[in-house]
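Note that ligands are numbered from 1 as they come in the structure, with each ligand's atoms numbered from 1 the same way. Each residue takes its place number in the sequence, starting with 1.
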Amino acid sequence: MKKNHMHRGIVLAGMISLFLFVSGCGFMQAYQEIQFFAMDTLMQVELSGKKSDIEQIRKIVEDLEDDVSVTDVQSELYQINHRTVSAIELSKPIARLLNEELAITETTNGALNPALYPISCAWGFTTDHKRVPSAEELAALLPKTDWRQIQLSNQNLTLPDGMELDFGATAKGFASDLCADYLREQGIKHALLNFGGNTYTIGTNKKGEYWKIGIRDPWDETAQGMIGVLESTNEAVITSGSYERYFEQDGVRYHHIMDGTTGLPVRTGLVSVTIVCESGVKADGLSTALFVMGLDQASNYWRQYKGFEAIFVTEDGKQYYTEGLENRYHPTQGQKAEVIRL
Ligand code: ADP
Ligand code: MG
């Protein structure tokens with residue numbers, strides 16, 4: 001699993017740097033780059049700013065990882081999941097993350113469900129022991145995943161017995177929001193955060209052009225192929241794909257995005273969903289939720305709620321993108337592509 005992510009990160013980072021103009025410009029701040037591992041992912045950051053800025057980015061991500069780890073006994077999330085009382089006071093950042101995630105949980109009617117952790121555990125996605133749980137096992141776990149019973153008021157969280165949370169679907173997007181907040185406060189004009197395919201763009205590249213983000217070809221095992229390129233500024237561009245984490249048993253492939261109504265990996269005919277919008281949590285959360293919904297329901301969700309754009313790739317190899325991207329998304333030549341309209 002880690003290798004998978006590392007590979008993807010390196011290649012995507014490589015792809016993106018193809019588009020970067022990295023020679024120094026005298027009037028600008030120095031160009032800084034850093035790569036590090038956090039959240040099971042190779043994180044790559046490029047910005048024009050001070051060395052301390054890039055170090056701060058690393059610290060923000062590592063601090064968040066310490067808070068949201070499901071396995072580290074010191075983490076805030078571990079404390080939540082191993083609580084001895086039903087009411088807990090959250091730290092400010094975790095309250096913000098959960099609050100923003102729950103807003104998406106509600107509008108997607110639970111397609112994004114932070115309480116599916118027991119299901120992900122049963123499938124072994126949280127460890128290296130992946131397995132297919134029995135129908136009885138899943139049936140016993142599903143009642144523990146009723147997100148409607150999560151009560152959050154400011155920093156006060158109340159959970160029913162047996163419920164366990166996981167921020168796997170939103171933590172990387174949230175990390176990019178925290179970093180973007182910091183970079184804006186520092187007045188940074190050029191930055192690209194690439195958290196293993198979860199990207200966030202600030203300003204322009206050094207040529208003064210929009211950043212160019214390659215959207216990964218889900219069928220390219222080398223992870224180098226792109227189905228298209230998006231011109232991007234001041235926003236998150238985040239993809240969820242069934243090819244990211246999976247295992248095979250008796251010829252069947254089981255991936256890591258779960259349907260909370262059945263406890264099974266989702267099968268809606270999508271292989272990837274990319275969301276483009278200003279908030280990293282929203283882009284990350286919606287990329288998972290719209291994957292769960294499938295193309296038709298997801299298109300209607302976009303028509304109803306707006307405020308974001310999307311690129312969907314279906315199992316039959318076709319891509320569909322929302323009309324707000326028409327002038328800045330460029331499908332690779334030869335790709336079958338259709339625009340989703342209001
Ligand atoms: P990735 O971690 O590969 O970037 P996602 O952002 O799509 O992928 O998040 C998937 C992760 O979210 C899973 O590994 C699991 O921890 C959690 N998860 C799986 N299904 C759901 C769901 N329906 N709602 C919320 N979280 C989910
Ligand atoms: Mg996600």
Side-chain angles (χ1 to χ4, degrees), residues 1-2 4-9 12 38-43 65 68-71 77 81 97-98 100-128 130 138 141-142 145-147 150 163-177 194-200 216 218 223 236-247 254-268 270-277 279-294 298 308 310:
M1 173 177 78
K2 282 189 182 154
N4 221 358
H5 272 251
M6 180 164 60
H7 185 56
R8 174 162 61 103
L12 260 188
M39 300 179 164
D40 263 356
T41 305
L42 179 75
M43 308 289 197
E65 177 177 31
V68 297
S69 164
V70 278
T71 48
L77 185 54
N81 288 342
L97 169 57
L98 183 57
E100 291 181 14
E101 175 153 353
L102 287 175
I104 304 167
T105 302
E106 271 166 39
T107 58
T108 62
N109 201 22
L112 180 73
N113 181 353
L116 291 185
Y117 183 60
I119 302 288
S120 299
C121 283
W123 286 88
F125 278 112
T126 51
T127 64
D128 281 335
K130 304 200 176 48
L138 291 174
L141 292 174
L142 283 171
T145 65
D146 180 9
W147 56 273
I150 303 173
M163 181 175 278
E164 291 177 284
L165 307 182
D166 131 54
F167 296 116
T170 48
K172 279 179 260 169
F174 186 54
S176 67
D177 284 340
N194 179 7
F195 297 162
N198 296 242
T199 51
Y200 201 103
R216 186 176 148 179
V237 181
I238 295 184
T239 304
S240 280
S242 52
Y243 54 83
E244 292 192 31
R245 295 180 202 211
Y246 62 85
F247 67 98
Y254 300 97
H255 64 76
H256 71 314
I257 302 176
M258 297 295 154
D259 181 336
T261 58
T262 60
L264 303 173
V266 170
R267 294 207 59 176
T268 52
L270 289 173
V271 279
S272 83
V273 176
T274 300
I275 303 290
V276 183
C277 70
S279 153
V281 169
K282 183 170 161 184
D284 205 357
L286 281 181
S287 70
T288 304
L290 270 53
F291 189 101
V292 174
M293 288 180 177
F308 69 94

Is the distance between the Mg ion (ligand 2) and the nearest N/O/S atom of Thr288 smaller than 2.8 Å? yes
Between Gly168, Ser240, Pro265, which one has a non-hydrogen atom sitting closest to atom 7 (O) of ligand 1? Ser240
Going by heavy atoms in the side chains, are Thr41 and Lys172 under 4.5 Å from each other? yes
Quick one: does Asn194's side chain get under 4.5 Å of Leu42's, heavy atoms only? no
I want to check something: taking the side chain as every heavy atom from C-beta on, are Leu97 and Val68 in contact at a cut-off of under 4.5 Å? yes
Using non-hydrogen atoms of the residue, decide whether Ala289 is closer than 4.0 angstrom to ligand 1. no
Pairwise side-chain contact, Trp147 with Met163, heavy-atom cut-off 4.5 Å (strictly under): no
The option among Thr288, Asp259, Asn113 carrying the non-hydrogen atom nearest to atom 24 (N) of ligand 1 is Asn113
Hey, are the side chains of Ile104 and Leu286 touching, using non-hydrogen atoms and a 4.5 Å cut-off? yes
Counting only nitrogen or oxygen atoms and a 3.5 angstrom limit, does Leu112 reach ligand 1? no
What do we get for Leu116 next to ligand 1 when only non-hydrogen atoms under 4.0 Å count, side chain, backbone, both or neither? side chain
Find out whether Leu98 and Leu165 are in side-chain contact, i.e. whether some heavy atom of one side chain is under 4.5 Å from a heavy atom of the other. yes
Option set Glu101, His256, Lys172, Arg245, criterion heavy-atom distance to atom 13 (C) of ligand 1, minimum: His256
Less than 4.5 Å apart, any side-chain heavy atom of Asp177 and any of Ser279? yes
May I ask you to test the Phe308-Leu290 pair for a side-chain heavy-atom distance under 4.5 Å? yes
Heavy-atom pairs closer than 4.0 Å: do any link ligand 1 to the side chain of Asp166, the backbone, both, or neither? side chain
Could you tell me whether Asp284 and ligand 1 have an N or O pair separated by under 3.5 Å? yes
Working to 10°, measure the angle at the Mg ion (ligand 2) formed by atom O of Ala169 and atom O of Asp284. 80°
Give yes if a backbone or side-chain nitrogen or oxygen of Asn198 is under 3.5 Å from a nitrogen or oxygen of ligand 1, and no if not. no
Below 3.5 angstrom, do we get any N/O pair linking Ala169 and ligand 1? yes
Quick one: which ligand 1 atoms are inside 4.0 Å of a heavy atom on Ala111? 22 (C), 23 (N), 24 (N)
Looking at Phe125 versus Phe247, is the centre-to-centre ring distance below 6.0 Å? yes
